[in-house]
**Student:** 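My questions will all concern the structure given below.
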Amino acid sequence: MSMTARESHLSAAHAAIHRAIRKIPRGCVASYGEIAARAGLPGRARMVGHVLGAAGAEAELPWHRVLRADGSVAFAPGSRAFREQKRRLAAEGVPMLRGRIDLAQYGWERNLDAALWAPPMS
DNA sequence: GGCGTGACTATAC
DNA sequence: GGTATAGCCACGC
């Protein structure tokens with residue numbers, strides 16, 4: 001089977017996105033845009049969503065750790081997918097408050113600030 | 001090829 | 001907080 005240059009490029013981007021998502025540590029979250037950037041595709045946040053949709057909920061990907069840039073879940077509140085994502089996050093210690101995840105605290109490589117701002121007292 | 005749609009985002013009011 | 005707009009791009013019709 002042959003592939004056009006474009007198909008090959010898309011396939012590589014797809015794989016890069018899968019790799020970036022798999023690297024999100026347990027208990028952390030990352031935005032679609034951040035995943036795109038880490039996959040070498042800055043500005044292509046929509047492509048991350050598209051790839052995840054194509055992968056499906058059964059994929060062996062920590063899809064629940066991918067959020068919008070403001071820390072909210074991309075699915076409609078109350079929907080099956082929304083509840084499942086919230087449940088999976090809670091299961092690894094990531095709470096959702098007012099419909100959002102605190103990126104300053106749980107964001108991938110963005111939690112250093114939180115550690116400095118909220119050091120254990122006494 | 002155009003056009004609408006969408007698991008997006010940044011900027012500007 | 002919200003709406004609008006523009007950029008992004010794969011996909012299906």
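Note that the structure is a prediction, hence the values are computed from the model and not measured. Letters A, B, ... are given to chains in the order of the sequence lines, protein chains preceding strands, and every chain is numbered from 1.
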**Student:** When you compare the side chain of A:Glu7 with that of A:Leu10, does any pair of heavy atoms fall below 4.5 Å?
**Tutor:**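 Side chain of A:Leu10 against side chain of A:Glu7, heavy atoms only: no contact under 4.5 Å found.
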**Student:** Students often get this wrong, so: under 4.0 angstrom with heavy atoms, is A:Arg100 touching a base, only sugar-phosphate, or nothing?
**Tutor:**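 The answer is sugar-phosphate, as A:Arg100 gets under 4.0 Å only of primed atoms, P, OP1 or OP2.
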**Student:** Sequence neighbours excluded, which residues qualify as salt bridge (charged side-chain N to carboxylate O under 4.0 Å, His left out) partners of A:Arg83?
**Tutor:**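 With neighbours one apart ignored, the set is empty.
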**Student:** Just jot down the salt bridge (charged side-chain N to carboxylate O under 4.0 Å, His left out) partners of A:Arg88, sequence neighbours excluded, or say none.
**Tutor:**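 Per chain and number, A:Arg88 pairs via salt bridge (charged side-chain N to carboxylate O under 4.0 Å, His left out) with A:Glu84.
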**Student:** Any salt bridge (charged side-chain N to carboxylate O under 4.0 Å, His left out) involving residues 66-82 of chain A? Give me the pairs, sequence neighbours left out, ordered by first then second residue.
**Tutor:**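 Non-adjacent pairs meeting salt bridge (charged side-chain N to carboxylate O under 4.0 Å, His left out): zero.
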**Student:** Can you tell me which residue pairs pass the side-chain hydrogen bond (donor to acceptor under 3.5 Å, both in side chains) test with a partner in residues 26-36 of chain A, sequence neighbours excluded?
**Tutor:**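 Sorted pair list: A:Glu34-A:Arg110.
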**Student:** Do A:Val29 and A:Leu103 have side chains that approach each other closer than 4.5 Å (heavy atoms only, starting at C-beta)?
**Tutor:**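 In short, these two side chains touch, coming nearer than 4.5 Å.
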**Student:** Could you go through residues 37-52 of chain A and list every donor-acceptor pair under 3.5 Å that involves a side-chain atom there, pairing it with any protein atom two or more places apart or in another chain?
**Tutor:**
residue: A:Arg38; atom: NH2; partner: A:Glu109; partner atom: OE1; Å: 2.5
residue: A:Arg38; atom: NH2; partner: A:Glu109; partner atom: OE2; Å: 3.3
residue: A:Arg44; atom: NH1; partner: A:Pro42; partner atom: O; Å: 3.0

**Student:** Would you list the pairs meeting side-chain hydrogen bond (donor to acceptor under 3.5 Å, both in side chains) in which at least one residue belongs to residues 89-103 of chain A, sequence neighbours left out?
**Tutor:**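 Residue pairs passing side-chain hydrogen bond (donor to acceptor under 3.5 Å, both in side chains), neighbours aside: A:His64-A:Glu92, A:Arg65-A:Glu92.
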**Student:** Would you measure the distance from the P atom in B:dA7 across to the matching atom in C:dG7 and give it in whole Å?
**Tutor:**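 To the nearest whole Å, 22 Å.
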**Student:** Which residues within residues 61-79 of chain A lie with some heavy atom under 4.0 Å of an atom in DNA chain B?
**Tutor:**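 Listed by number, they are A:Trp63, A:Arg68, A:Ala69, A:Ala74, A:Phe75.
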**Student:** So if I take residues 5-15 of chain A and measure heavy-atom distances to DNA chain C, which residues fall below 4.0 Å?
**Tutor:**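 Output list: A:Arg6, A:Leu10.
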**Student:** For A:His14, what residues pass the side chain to side chain donor-acceptor pair (under 3.5 Å) criterion, not counting sequence neighbours?
**Tutor:**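 Listed in chain order: A:His18.
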**Student:** Tell me, which pairs form a salt bridge (charged side-chain N to carboxylate O under 4.0 Å, His left out) where one or both residues lie in residues 52-63 of chain A, sequence neighbours left out?
**Tutor:**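 Listed once each, the pairs would be none.
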**Student:** Can you list, by residue number, the residues of residues 37-54 of chain A that have a non-hydrogen atom closer than 4.0 angstrom to DNA chain B?
**Tutor:**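 A:Ala45, A:Arg46, A:Gly49, A:Leu52, A:Gly53 - these, ordered by number, are the residues of the stretch whose heavy atoms sit under 4.0 Å from the strand.
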**Student:** Provide the start and end nucleotides, 5' to 3', of the part of DNA chain C that has atoms under 4.0 Å from heavy atoms of chain A.
**Tutor:**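 Both ends considered, the range comes out as C:dG1 to C:dC11.
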**Student:** First locate atom CD1 of A:Ile35, then atom CZ of A:Arg19, and finally report the distance between them rounded to the nearest 0.5 Å.
**Tutor:**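 Going from CD1 on A:Ile35 over to CZ on A:Arg19, the span is 12.5 Å.
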**Student:** How long is the gap from NZ on A:Lys86 to OG on A:Ser79, to the nearest 0.5 Å?
**Tutor:**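 So the NZ of A:Lys86 and the OG of A:Ser79 are separated by 12.0 Å.
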**Student:** Compare all side-chain heavy atoms of A:Ile101 with those of A:Leu89 and state whether any distance is below 4.5 angstrom.
**Tutor:**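 Yes. Closest side-chain heavy atoms under 4.5 Å.
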